[in-house]
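The next block holds one structure in the form of C-alpha coordinates; read it before the comments.
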There are 2 protein chains.
Amino acid sequence: MIRRLPQARDRGIPEATVARLPLYLRALTGMTERGVATVSSEDLAEAAGVNSAKLRKDLSHLGSYGTRGVGYDVEYLIYQISRELGLTQDWAVAIVGVGNLGRALANYGGFVSRGFRVAALLDSDPDVVGDRIAGLNVEHIDELETVIARRGVSIVVIATPAAAAQQVCDRVTAAGVTSILNFAPVVLSVPDGVDVRKVDLSIELQILAFHEQRKADRESGGPVMAEEWQRGESA
Amino acid sequence: MIRRLPQARDRGIPEATVARLPLYLRALTGMTERGVATVSSEDLAEAAGVNSAKLRKDLSHLGSYGTRGVGYDVEYLIYQISRELGLTQDWAVAIVGVGNLGRALANYGGFVSRGFRVAALLDSDPDVVGDRIAGLNVEHIDELETVIARRGVSIVVIATPAAAAQQVCDRVTAAGVTSILNFAPVVLSVPDGVDVRKVDLSIELQILAFHEQRKADRESGGPVMAEEWQRGESA
DNA sequence: CTCACTTTGTGCATCTGTTCACAAAGGGAT
DNA sequence: ATCCCTTTGTGAACAGATGCACAAAGTGAG
(Lines give C-alpha, C1' and ligand atoms only; values in the text may rest on other atoms or scores of the structure.)
Protein backbone atom coordinates (compact mmCIF):
# COMPACT_ATOMS: atom_id res chain seq x y z
CA MET A 1 0.00 0.00 0.00
CA ILE A 2 1.37 3.35 -1.00
CA ARG A 3 1.38 5.62 1.96
CA ARG A 4 1.17 9.22 0.78
CA LEU A 5 2.85 11.50 3.26
CA PRO A 6 0.81 14.58 4.04
CA GLN A 7 3.91 16.72 3.72
CA ALA A 8 4.22 19.82 1.67
CA ARG A 9 6.74 19.43 -1.16
CA ASP A 10 4.74 16.35 -1.97
CA ARG A 11 4.90 16.21 -5.72
CA GLY A 12 1.24 15.23 -6.07
CA ILE A 13 -0.28 18.61 -6.84
CA PRO A 14 -4.05 18.36 -7.41
CA GLU A 15 -5.16 18.94 -10.96
CA ALA A 16 -7.54 21.69 -9.90
CA THR A 17 -4.65 23.52 -8.31
CA VAL A 18 -2.46 23.19 -11.38
CA ALA A 19 -5.22 24.73 -13.46
CA ARG A 20 -5.28 27.78 -11.22
CA LEU A 21 -1.55 28.39 -10.91
CA PRO A 22 -1.36 30.19 -14.27
CA LEU A 23 -4.08 32.50 -13.03
CA TYR A 24 -2.11 33.42 -9.94
CA LEU A 25 0.95 33.86 -12.07
CA ARG A 26 -0.80 36.35 -14.29
CA ALA A 27 -2.14 38.33 -11.35
CA LEU A 28 1.32 38.39 -9.79
CA THR A 29 2.93 39.54 -13.01
CA GLY A 30 0.51 42.44 -13.15
CA MET A 31 1.39 43.35 -9.60
CA THR A 32 5.11 43.27 -10.10
CA GLU A 33 4.67 45.58 -13.08
CA ARG A 34 2.86 47.99 -10.84
CA GLY A 35 5.71 47.81 -8.38
CA VAL A 36 3.94 45.80 -5.68
CA ALA A 37 6.50 43.91 -3.63
CA THR A 38 4.34 41.96 -1.23
CA VAL A 39 0.78 40.68 -1.37
CA SER A 40 -1.63 39.04 1.04
CA SER A 41 -3.61 35.94 0.16
CA GLU A 42 -6.72 38.07 0.39
CA ASP A 43 -5.58 40.56 -2.24
CA LEU A 44 -4.07 38.01 -4.57
CA ALA A 45 -7.18 35.88 -4.35
CA GLU A 46 -9.31 38.87 -5.27
CA ALA A 47 -7.12 39.66 -8.26
CA ALA A 48 -7.29 36.07 -9.46
CA GLY A 49 -11.02 35.76 -8.83
CA VAL A 50 -10.92 32.95 -6.27
CA ASN A 51 -11.46 32.81 -2.53
CA SER A 52 -8.54 33.28 -0.24
CA ALA A 53 -8.68 29.95 1.58
CA LYS A 54 -8.46 28.17 -1.73
CA LEU A 55 -5.53 30.30 -2.79
CA ARG A 56 -3.64 29.53 0.40
CA LYS A 57 -4.31 25.84 0.10
CA ASP A 58 -3.18 25.88 -3.51
CA LEU A 59 0.06 27.64 -2.66
CA SER A 60 0.65 25.36 0.29
CA HIS A 61 0.98 22.48 -2.18
CA LEU A 62 4.08 24.10 -3.60
CA GLY A 63 5.65 24.66 -0.23
CA SER A 64 5.49 27.23 2.49
CA TYR A 65 6.47 30.42 0.77
CA GLY A 66 4.49 33.04 2.68
CA THR A 67 5.30 34.99 5.80
CA ARG A 68 2.64 35.08 8.48
CA GLY A 69 1.48 38.52 9.32
CA VAL A 70 2.91 39.84 6.08
CA GLY A 71 1.94 37.89 2.99
CA TYR A 72 3.86 36.63 -0.01
CA ASP A 73 6.85 38.17 -1.72
CA VAL A 74 5.63 38.79 -5.24
CA GLU A 75 8.87 38.13 -7.12
CA TYR A 76 9.67 35.03 -5.17
CA LEU A 77 6.23 33.58 -5.63
CA ILE A 78 6.38 34.25 -9.36
CA TYR A 79 9.60 32.31 -9.49
CA GLN A 80 8.24 29.37 -7.49
CA ILE A 81 5.07 29.06 -9.53
CA SER A 82 6.96 29.40 -12.79
CA ARG A 83 9.33 26.70 -11.75
CA GLU A 84 6.53 24.38 -10.69
CA LEU A 85 4.75 24.89 -13.99
CA GLY A 86 7.94 24.29 -15.91
CA LEU A 87 8.08 27.78 -17.35
CA THR A 88 11.66 28.40 -16.43
CA GLN A 89 12.57 26.35 -19.44
CA ASP A 90 11.84 27.14 -23.03
CA TRP A 91 9.15 25.11 -24.81
CA ALA A 92 9.14 24.79 -28.56
CA VAL A 93 5.60 24.70 -29.91
CA ALA A 94 4.47 23.76 -33.41
CA ILE A 95 1.14 24.92 -34.76
CA VAL A 96 -0.45 22.65 -37.31
CA GLY A 97 -3.15 24.22 -39.44
CA VAL A 98 -2.70 27.84 -40.48
CA GLY A 99 -6.27 28.93 -41.08
CA ASN A 100 -7.83 31.84 -39.30
CA LEU A 101 -7.37 30.24 -35.94
CA GLY A 102 -3.80 29.09 -36.53
CA ARG A 103 -2.91 32.62 -37.60
CA ALA A 104 -4.53 34.07 -34.51
CA LEU A 105 -2.56 31.68 -32.35
CA ALA A 106 0.72 32.40 -34.13
CA ASN A 107 0.26 36.10 -33.50
CA TYR A 108 -0.99 35.73 -29.96
CA GLY A 109 1.44 37.50 -27.68
CA GLY A 110 0.55 35.45 -24.64
CA PHE A 111 2.33 32.43 -26.06
CA VAL A 112 5.72 33.98 -26.39
CA SER A 113 5.56 35.85 -23.14
CA ARG A 114 5.88 32.84 -20.87
CA GLY A 115 8.44 30.29 -21.88
CA PHE A 116 6.66 29.26 -25.06
CA ARG A 117 8.16 29.79 -28.46
CA VAL A 118 6.33 29.10 -31.69
CA ALA A 119 8.96 27.07 -33.52
CA ALA A 120 7.01 26.04 -36.60
CA LEU A 121 3.81 26.59 -38.57
CA LEU A 122 2.63 23.77 -40.79
CA ASP A 123 -0.20 23.39 -43.27
CA SER A 124 -1.17 21.15 -46.14
CA ASP A 125 -2.59 23.87 -48.39
CA PRO A 126 -0.03 24.83 -51.10
CA ASP A 127 -1.53 28.34 -51.20
CA VAL A 128 -0.58 28.87 -47.59
CA VAL A 129 2.77 27.06 -47.50
CA GLY A 130 5.53 29.59 -47.93
CA ASP A 131 3.58 32.48 -46.42
CA ARG A 132 5.35 34.45 -43.76
CA ILE A 133 3.30 34.73 -40.56
CA ALA A 134 4.48 36.19 -37.29
CA GLY A 135 8.03 36.02 -38.55
CA LEU A 136 7.84 32.37 -39.50
CA ASN A 137 7.71 30.55 -42.78
CA VAL A 138 4.73 28.23 -43.15
CA GLU A 139 6.04 24.78 -43.95
CA HIS A 140 4.40 21.82 -45.65
CA ILE A 141 2.84 19.19 -43.46
CA ASP A 142 5.14 16.61 -45.05
CA GLU A 143 7.93 18.16 -43.02
CA LEU A 144 6.08 17.47 -39.76
CA GLU A 145 8.31 14.71 -38.42
CA THR A 146 11.51 16.41 -39.51
CA VAL A 147 10.53 19.71 -37.94
CA ILE A 148 9.54 18.08 -34.67
CA ALA A 149 12.83 16.24 -34.39
CA ARG A 150 15.13 19.03 -35.56
CA ARG A 151 13.63 21.82 -33.49
CA GLY A 152 12.92 19.86 -30.37
CA VAL A 153 9.18 20.48 -30.52
CA SER A 154 7.52 19.03 -27.44
CA ILE A 155 4.06 20.59 -27.64
CA VAL A 156 1.87 20.56 -30.73
CA VAL A 157 -1.17 22.74 -31.26
CA ILE A 158 -3.72 21.25 -33.63
CA ALA A 159 -5.76 23.95 -35.36
CA THR A 160 -6.80 21.98 -38.43
CA PRO A 161 -10.31 21.18 -39.60
CA ALA A 162 -11.91 18.33 -37.68
CA ALA A 163 -11.39 15.83 -40.48
CA ALA A 164 -7.61 16.18 -40.44
CA ALA A 165 -7.07 16.29 -36.69
CA GLN A 166 -6.82 12.60 -35.85
CA GLN A 167 -4.38 11.98 -38.65
CA VAL A 168 -2.13 14.83 -37.53
CA CYS A 169 -2.44 13.57 -34.00
CA ASP A 170 -1.33 10.07 -34.98
CA ARG A 171 1.70 11.43 -36.77
CA VAL A 172 2.85 13.71 -33.98
CA THR A 173 2.44 11.06 -31.30
CA ALA A 174 4.33 8.62 -33.48
CA ALA A 175 7.05 11.26 -33.68
CA GLY A 176 7.27 11.21 -29.89
CA VAL A 177 5.23 14.26 -28.91
CA THR A 178 3.34 13.72 -25.67
CA SER A 179 1.52 17.02 -25.20
CA ILE A 180 -1.19 18.22 -27.54
CA LEU A 181 -3.48 21.21 -27.45
CA ASN A 182 -6.44 20.47 -29.66
CA PHE A 183 -8.75 23.08 -31.14
CA ALA A 184 -10.45 20.78 -33.61
CA PRO A 185 -13.93 19.68 -32.54
CA VAL A 186 -13.18 15.97 -32.31
CA VAL A 187 -12.28 13.54 -29.56
CA LEU A 188 -8.71 12.52 -30.27
CA SER A 189 -7.59 9.06 -29.39
CA VAL A 190 -4.00 8.84 -28.28
CA PRO A 191 -1.61 6.26 -26.84
CA ASP A 192 -1.14 6.07 -23.08
CA GLY A 193 1.09 8.72 -21.65
CA VAL A 194 0.03 11.42 -24.08
CA ASP A 195 -1.76 14.45 -22.65
CA VAL A 196 -4.41 16.12 -24.72
CA ARG A 197 -6.08 19.33 -23.73
CA LYS A 198 -9.04 20.49 -25.68
CA VAL A 199 -10.35 23.98 -26.35
CA ASP A 200 -13.74 23.93 -27.92
CA LEU A 201 -15.39 27.19 -28.80
CA SER A 202 -18.79 25.81 -29.56
CA ILE A 203 -18.95 23.77 -26.35
CA GLU A 204 -18.37 26.90 -24.32
CA LEU A 205 -21.20 28.64 -26.13
CA GLN A 206 -23.49 25.71 -25.55
CA ILE A 207 -22.80 25.79 -21.83
CA LEU A 208 -23.61 29.50 -21.79
CA ALA A 209 -26.81 28.86 -23.70
CA PHE A 210 -27.85 26.31 -21.11
CA HIS A 211 -27.50 28.78 -18.27
CA GLU A 212 -29.01 31.60 -20.28
CA GLN A 213 -32.05 29.49 -21.04
CA ARG A 214 -32.40 28.63 -17.42
CA LYS A 215 -32.29 32.27 -16.40
CA ALA A 216 -34.91 33.08 -19.04
CA ASP A 217 -37.14 30.21 -17.86
CA ARG A 218 -36.98 31.39 -14.30
CA GLU A 219 -38.04 34.90 -15.17
CA SER A 220 -40.88 34.16 -17.51
CA GLY A 221 -42.93 32.26 -14.97
CA GLY A 222 -41.24 28.93 -14.57
CA PRO A 223 -40.29 26.14 -16.92
CA VAL A 224 -42.44 25.54 -19.95
CA MET A 225 -43.97 22.41 -18.56
CA ALA A 226 -45.54 19.68 -20.58
CA GLU A 227 -44.12 20.05 -24.00
CA GLU A 228 -44.01 16.39 -23.28
CA TRP A 229 -43.38 14.66 -26.63
CA GLN A 230 -44.80 11.24 -27.12
CA ARG A 231 -41.90 8.85 -26.92
CA GLY A 232 -41.25 6.46 -29.81
CA GLU A 233 -42.74 8.03 -32.91
CA SER A 234 -39.83 10.34 -33.45
CA ALA A 235 -37.14 8.95 -35.79
CA MET B 1 -36.43 23.08 4.15
CA ILE B 2 -36.38 22.39 0.47
CA ARG B 3 -36.69 18.71 -0.09
CA ARG B 4 -35.03 17.81 -3.41
CA LEU B 5 -36.74 14.76 -4.86
CA PRO B 6 -34.34 12.19 -6.20
CA GLN B 7 -36.47 11.91 -9.33
CA ALA B 8 -35.26 12.22 -12.84
CA ARG B 9 -36.60 15.36 -14.58
CA ASP B 10 -35.18 17.17 -11.61
CA ARG B 11 -34.01 20.45 -13.09
CA GLY B 12 -30.82 20.53 -11.04
CA ILE B 13 -28.37 19.17 -13.56
CA PRO B 14 -24.79 19.02 -12.23
CA GLU B 15 -22.38 21.43 -13.84
CA ALA B 16 -20.02 18.62 -14.79
CA THR B 17 -22.84 16.94 -16.66
CA VAL B 18 -23.80 20.12 -18.51
CA ALA B 19 -20.20 20.46 -19.68
CA ARG B 20 -20.33 16.98 -21.22
CA LEU B 21 -23.71 17.21 -22.93
CA PRO B 22 -22.29 19.09 -25.94
CA LEU B 23 -19.79 16.28 -26.34
CA TYR B 24 -22.51 13.67 -26.47
CA LEU B 25 -24.43 15.83 -28.85
CA ARG B 26 -21.52 16.01 -31.25
CA ALA B 27 -20.95 12.27 -31.13
CA LEU B 28 -24.65 11.66 -31.75
CA THR B 29 -24.72 14.07 -34.67
CA GLY B 30 -21.87 12.17 -36.27
CA MET B 31 -23.77 8.93 -35.80
CA THR B 32 -26.99 10.18 -37.29
CA GLU B 33 -25.04 11.34 -40.33
CA ARG B 34 -23.69 7.85 -40.71
CA GLY B 35 -27.21 6.48 -40.53
CA VAL B 36 -26.99 4.96 -37.06
CA ALA B 37 -30.45 4.77 -35.54
CA THR B 38 -29.74 3.35 -32.11
CA VAL B 39 -26.73 3.39 -29.83
CA SER B 40 -25.77 1.74 -26.55
CA SER B 41 -24.27 3.69 -23.66
CA GLU B 42 -21.08 1.72 -24.21
CA ASP B 43 -20.66 2.84 -27.81
CA LEU B 44 -21.72 6.42 -27.25
CA ALA B 45 -19.41 6.70 -24.28
CA GLU B 46 -16.54 5.46 -26.37
CA ALA B 47 -17.28 7.97 -29.10
CA ALA B 48 -17.41 10.80 -26.60
CA GLY B 49 -14.33 9.64 -24.74
CA VAL B 50 -15.92 9.01 -21.35
CA ASN B 51 -16.81 5.89 -19.42
CA SER B 52 -20.21 4.35 -19.87
CA ALA B 53 -21.40 4.55 -16.28
CA LYS B 54 -20.78 8.27 -16.31
CA LEU B 55 -22.62 8.65 -19.58
CA ARG B 56 -25.65 6.82 -18.25
CA LYS B 57 -25.67 8.86 -15.07
CA ASP B 58 -25.40 12.06 -17.08
CA LEU B 59 -28.30 11.11 -19.33
CA SER B 60 -30.37 9.98 -16.38
CA HIS B 61 -30.38 13.60 -15.20
CA LEU B 62 -32.36 14.57 -18.28
CA GLY B 63 -34.88 11.84 -17.86
CA SER B 64 -35.19 8.19 -18.72
CA TYR B 65 -34.78 8.18 -22.45
CA GLY B 66 -33.15 4.82 -23.07
CA THR B 67 -34.60 1.37 -23.63
CA ARG B 68 -33.13 -1.42 -21.55
CA GLY B 69 -31.72 -4.21 -23.65
CA VAL B 70 -31.55 -1.88 -26.66
CA GLY B 71 -29.94 1.48 -26.03
CA TYR B 72 -30.84 5.03 -27.00
CA ASP B 73 -32.63 6.25 -30.07
CA VAL B 74 -30.11 8.59 -31.68
CA GLU B 75 -32.53 11.17 -33.10
CA TYR B 76 -34.59 11.31 -30.00
CA LEU B 77 -31.59 11.74 -27.75
CA ILE B 78 -30.26 14.52 -29.97
CA TYR B 79 -33.55 16.30 -29.57
CA GLN B 80 -33.63 15.89 -25.80
CA ILE B 81 -30.08 17.08 -25.28
CA SER B 82 -30.56 20.00 -27.65
CA ARG B 83 -33.65 21.04 -25.82
CA GLU B 84 -31.97 20.79 -22.45
CA LEU B 85 -29.06 22.89 -23.64
CA GLY B 86 -31.40 25.44 -25.14
CA LEU B 87 -30.27 24.84 -28.70
CA THR B 88 -33.73 24.50 -30.12
CA GLN B 89 -33.92 28.23 -30.04
CA ASP B 90 -31.79 30.65 -31.97
CA TRP B 91 -29.14 32.62 -30.08
CA ALA B 92 -27.87 35.91 -31.41
CA VAL B 93 -24.19 36.33 -30.64
CA ALA B 94 -22.12 39.49 -30.96
CA ILE B 95 -18.35 39.32 -31.32
CA VAL B 96 -16.47 42.31 -29.96
CA GLY B 97 -12.91 42.68 -31.22
CA VAL B 98 -12.21 41.75 -34.80
CA GLY B 99 -8.52 40.94 -34.68
CA ASN B 100 -7.12 37.61 -35.77
CA LEU B 101 -9.07 35.77 -33.17
CA GLY B 102 -12.35 37.59 -33.74
CA ARG B 103 -12.05 36.83 -37.44
CA ALA B 104 -11.37 33.19 -36.73
CA LEU B 105 -14.44 33.03 -34.53
CA ALA B 106 -16.63 34.82 -37.07
CA ASN B 107 -15.67 32.28 -39.70
CA TYR B 108 -15.88 29.27 -37.43
CA GLY B 109 -18.55 26.96 -38.78
CA GLY B 110 -19.23 25.31 -35.44
CA PHE B 111 -20.98 28.42 -34.19
CA VAL B 112 -23.61 28.59 -36.82
CA SER B 113 -24.25 24.88 -36.93
CA ARG B 114 -25.98 24.64 -33.58
CA GLY B 115 -28.44 27.36 -32.83
CA PHE B 116 -25.90 30.16 -32.71
CA ARG B 117 -25.97 33.02 -35.16
CA VAL B 118 -23.29 35.68 -35.32
CA ALA B 119 -25.46 38.78 -35.38
CA ALA B 120 -22.80 41.46 -35.15
CA LEU B 121 -19.08 42.15 -35.30
CA LEU B 122 -17.80 45.23 -33.50
CA ASP B 123 -14.43 46.89 -33.23
CA SER B 124 -12.99 50.25 -32.27
CA ASP B 125 -10.32 50.40 -34.98
CA PRO B 126 -11.50 52.66 -37.85
CA ASP B 127 -9.37 50.63 -40.28
CA VAL B 128 -11.42 47.54 -39.50
CA VAL B 129 -14.86 49.11 -39.16
CA GLY B 130 -16.70 48.70 -42.43
CA ASP B 131 -14.87 45.55 -43.48
CA ARG B 132 -17.01 42.69 -44.60
CA ILE B 133 -16.22 39.47 -42.73
CA ALA B 134 -18.15 36.24 -42.91
CA GLY B 135 -20.97 38.09 -44.61
CA LEU B 136 -21.22 40.75 -41.93
CA ASN B 137 -20.32 44.38 -41.79
CA VAL B 138 -17.95 45.29 -38.96
CA GLU B 139 -19.59 48.01 -36.92
CA HIS B 140 -18.12 50.61 -34.62
CA ILE B 141 -18.02 49.86 -30.93
CA ASP B 142 -20.09 52.99 -30.32
CA GLU B 143 -23.02 51.06 -31.73
CA LEU B 144 -22.65 48.35 -29.09
CA GLU B 145 -25.74 49.14 -27.02
CA THR B 146 -27.90 49.81 -30.05
CA VAL B 147 -26.87 46.59 -31.76
CA ILE B 148 -27.47 44.52 -28.64
CA ALA B 149 -30.94 45.94 -28.18
CA ARG B 150 -32.04 45.92 -31.84
CA ARG B 151 -30.82 42.43 -32.72
CA GLY B 152 -31.69 40.73 -29.47
CA VAL B 153 -28.13 39.76 -28.71
CA SER B 154 -28.01 37.62 -25.59
CA ILE B 155 -24.45 36.28 -25.71
CA VAL B 156 -21.37 38.41 -26.23
CA VAL B 157 -17.96 37.08 -27.17
CA ILE B 158 -15.09 39.29 -26.05
CA ALA B 159 -12.06 38.92 -28.29
CA THR B 160 -10.43 42.26 -27.62
CA PRO B 161 -6.99 42.94 -26.18
CA ALA B 162 -6.81 42.49 -22.41
CA ALA B 163 -6.81 46.22 -21.75
CA ALA B 164 -10.20 46.77 -23.38
CA ALA B 165 -12.00 43.72 -22.04
CA GLN B 166 -13.30 45.01 -18.72
CA GLN B 167 -14.64 48.15 -20.29
CA VAL B 168 -16.49 46.21 -22.98
CA CYS B 169 -17.74 43.86 -20.30
CA ASP B 170 -19.13 46.73 -18.24
CA ARG B 171 -20.98 48.11 -21.22
CA VAL B 172 -22.54 44.84 -22.32
CA THR B 173 -23.67 43.92 -18.82
CA ALA B 174 -25.14 47.41 -18.42
CA ALA B 175 -26.98 46.74 -21.67
CA GLY B 176 -28.54 43.68 -20.09
CA VAL B 177 -26.40 40.86 -21.46
CA THR B 178 -25.95 38.07 -18.92
CA SER B 179 -23.76 35.59 -20.80
CA ILE B 180 -20.20 36.35 -21.82
CA LEU B 181 -17.52 34.25 -23.44
CA ASN B 182 -14.19 35.87 -22.71
CA PHE B 183 -11.00 35.24 -24.68
CA ALA B 184 -9.06 38.14 -23.21
CA PRO B 185 -6.52 37.12 -20.60
CA VAL B 186 -8.05 39.01 -17.69
CA VAL B 187 -10.38 38.17 -14.84
CA LEU B 188 -13.59 40.02 -15.59
CA SER B 189 -15.65 41.33 -12.74
CA VAL B 190 -19.35 41.26 -13.38
CA PRO B 191 -22.59 41.90 -11.48
CA ASP B 192 -24.38 38.97 -9.88
CA GLY B 193 -26.37 36.86 -12.25
CA VAL B 194 -23.98 37.26 -15.16
CA ASP B 195 -22.23 34.13 -16.41
CA VAL B 196 -18.72 34.44 -17.72
CA ARG B 197 -16.86 31.59 -19.35
CA LYS B 198 -13.23 32.03 -20.09
CA VAL B 199 -11.08 30.48 -22.78
CA ASP B 200 -7.44 31.10 -22.22
CA LEU B 201 -4.95 29.78 -24.69
CA SER B 202 -1.87 30.42 -22.66
CA ILE B 203 -3.28 28.80 -19.54
CA GLU B 204 -3.89 25.60 -21.46
CA LEU B 205 -0.32 25.60 -22.65
CA GLN B 206 0.97 26.16 -19.15
CA ILE B 207 -0.99 23.19 -17.86
CA LEU B 208 0.48 21.05 -20.62
CA ALA B 209 3.97 22.28 -19.77
CA PHE B 210 3.47 21.25 -16.17
CA HIS B 211 2.60 17.68 -17.13
CA GLU B 212 5.28 17.55 -19.77
CA GLN B 213 7.90 18.60 -17.26
CA ARG B 214 6.70 15.99 -14.86
CA LYS B 215 6.96 13.28 -17.48
CA ALA B 216 10.48 14.43 -18.31
CA ASP B 217 11.45 14.35 -14.62
CA ARG B 218 10.16 10.86 -14.22
CA GLU B 219 12.08 9.48 -17.14
CA SER B 220 15.41 11.00 -16.35
CA GLY B 221 16.00 8.86 -13.28
CA GLY B 222 12.80 8.74 -11.32
CA PRO B 223 11.37 11.42 -9.11
CA VAL B 224 14.12 13.61 -7.87
CA MET B 225 13.72 12.38 -4.35
CA ALA B 226 15.13 14.35 -1.54
CA GLU B 227 15.60 17.48 -3.45
CA GLU B 228 14.41 18.35 -0.05
CA TRP B 229 15.27 22.01 0.02
CA GLN B 230 15.93 23.39 3.37
CA ARG B 231 13.01 25.54 4.28
CA GLY B 232 13.70 29.12 5.16
CA GLU B 233 17.01 30.00 3.63
CA SER B 234 15.62 30.35 0.17
CA ALA B 235 14.54 33.82 -0.97
C1' DC C 1 -45.43 -18.19 -21.54
C1' DT C 2 -40.87 -18.81 -20.12
C1' DC C 3 -36.10 -18.44 -20.42
C1' DA C 4 -31.73 -16.45 -21.71
C1' DC C 5 -29.60 -12.41 -22.87
C1' DT C 6 -28.73 -7.44 -23.23
C1' DT C 7 -28.49 -2.93 -21.51
C1' DT C 8 -30.31 0.74 -18.74
C1' DG C 9 -30.75 3.37 -14.39
C1' DT C 10 -29.07 3.90 -9.76
C1' DG C 11 -27.53 2.92 -4.70
C1' DC C 12 -23.29 3.02 -2.58
C1' DA C 13 -18.50 3.50 -1.66
C1' DT C 14 -14.74 6.32 -2.90
C1' DC C 15 -12.17 9.99 -4.34
C1' DT C 16 -11.37 14.87 -5.31
C1' DG C 17 -12.09 19.48 -4.35
C1' DT C 18 -13.95 23.44 -1.47
C1' DT C 19 -14.78 26.08 2.56
C1' DC C 20 -14.63 27.14 7.38
C1' DA C 21 -12.39 28.37 11.28
C1' DC C 22 -8.52 28.59 14.16
C1' DA C 23 -3.88 27.66 16.15
C1' DA C 24 0.69 28.91 15.06
C1' DA C 25 3.94 32.25 13.42
C1' DG C 26 5.80 36.46 12.54
C1' DG C 27 6.12 41.85 12.86
C1' DG C 28 6.27 46.04 15.25
C1' DA C 29 5.33 49.08 19.06
C1' DT C 30 6.16 50.10 23.73
C1' DA D 1 10.81 41.19 26.56
C1' DT D 2 5.96 41.36 26.27
C1' DC D 3 1.73 42.27 24.04
C1' DC D 4 -1.25 43.02 20.21
C1' DC D 5 -2.21 42.73 15.54
C1' DT D 6 -2.07 40.58 11.07
C1' DT D 7 -1.92 36.78 8.05
C1' DT D 8 -0.46 32.19 6.94
C1' DG D 9 -0.98 27.12 6.81
C1' DT D 10 -3.95 23.35 7.74
C1' DG D 11 -7.28 19.98 10.18
C1' DA D 12 -11.82 18.80 9.68
C1' DA D 13 -16.44 19.10 7.87
C1' DC D 14 -18.77 19.37 3.79
C1' DA D 15 -19.94 19.12 -1.16
C1' DG D 16 -19.56 17.34 -5.58
C1' DA D 17 -18.12 13.97 -9.03
C1' DT D 18 -16.73 9.27 -10.33
C1' DG D 19 -17.00 4.38 -10.96
C1' DC D 20 -18.49 -0.20 -9.48
C1' DA D 21 -21.71 -3.52 -9.53
C1' DC D 22 -26.28 -5.11 -9.77
C1' DA D 23 -31.39 -5.20 -9.79
C1' DA D 24 -34.93 -3.93 -12.92
C1' DA D 25 -36.69 -3.74 -17.45
C1' DG D 26 -36.86 -4.73 -21.87
C1' DT D 27 -36.11 -7.97 -26.36
C1' DG D 28 -36.47 -12.05 -28.91
C1' DA D 29 -36.30 -17.14 -29.51
C1' DG D 30 -38.52 -21.32 -28.75
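What you see is a predicted model, and the numbers here were worked out from it, not measured in a lab. Scope of the values below: all heavy atoms of this structure, side chains included, with no hydrogens, waters or symmetry mates. Sequence lines set the chain letters: A, B, ... in the order given, protein chains first and strands last, and positions in each chain run from 1.
Thr32(A) contributes no side-chain N or O that, together with a main-chain N or O of Leu28(A), makes up a donor-acceptor pair within less than 3.5 Å. Under a 3.5 Å cut-off, the side chain of Gln166(B) and the backbone N or O of Ser189(B) do form a donor-acceptor pair.
To the nearest angstrom, P of dG16(D) lies 12 Å from CD of Glu15(B). For the pair Gln80(A) CD and dT8(D) C1', the interatomic distance rounds to 16 Å; values are reported in whole Å. Leu62(B) places its CG atom 10 Å from the P atom of dG9(C), with the value rounded to the nearest Å. Across the protein-nucleic acid pair, Asp43(B) atom CG and dT7(C) atom P stand 8 Å apart, rounded to whole Å. One atom, NZ of Lys57(A), and another, C1' of dG17(C), lie 9 Å apart when rounded to the nearest Å. Rounded to an integer number of Å, the gap from Asn51(B) CG to dT8(C) P is 13 Å. Between the P atom of dG19(D) and the CD atom of Glu42(B) lies a distance of 13 Å, rounded to the nearest Å. Between the P atom of dG9(C) and the CG atom of Leu59(B) lies a distance of 8 Å, rounded to the nearest Å.
Side-chain atoms of Ser202(A) and Gln206(A) form a donor-acceptor pair, as typed in the model, at a separation below 3.5 Å. Side chains of Glu75(B) and Tyr79(B): a donor-acceptor N/O pair is absent below 3.5 angstrom, by distance only.
In this structure, the side-chain hydrogen bond (donor to acceptor under 3.5 Å, both in side chains) partners of Ser179(B), at least two apart in sequence or on a different chain, are Glu212(A).
Taking 4.0 angstrom as the limit, Ser41(A) places a side-chain polar atom (N or O) nearer than this to OP1 or OP2 of dT8(D). In this structure, Ser40(A) does not reach the dT7(D) phosphate: none of its side-chain N or O atoms is under 4.0 Å from OP1 or OP2.
Side-chain atoms of Tyr72(B) lie closest to dT8(C) of the nucleotides dG9(D), dT8(C), dT18(C). The nucleotide whose nearest atom lies closest to any side-chain atom of Ser60(B) is, among dG19(D), dG9(D), dT10(C), dT10(C).
Listed by residue number, the members of residues 18-37 of chain B with any heavy atom below 4.0 angstrom from DNA chain D are Arg20(B).
Rounding to the nearest 0.5 angstrom, the gap separating the CG atom in Leu44(A) from the OH atom in Tyr72(A) is 8.5 Å. Note that CD1 of Ile180(A) is 14.0 Å distant from NZ of Lys198(A), once rounded to the nearest 0.5 Å.
Closest heavy-atom contact between Ile203(B) and Ala19(A): CG2-O, 4.2 Å.
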Item checked: Protein-to-nucleotide contact annotation, 5' to 3' order, nucleotides 21-27 of chain C [B base; S sugar-phosphate only; - none; under 4.0 Å, heavy atom] -> B--BBSS
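Within a 6.0 Å sphere centred on CD of Gln167(A), heavy atoms belonging to other residues, nucleotides or ligands number 12 at most.
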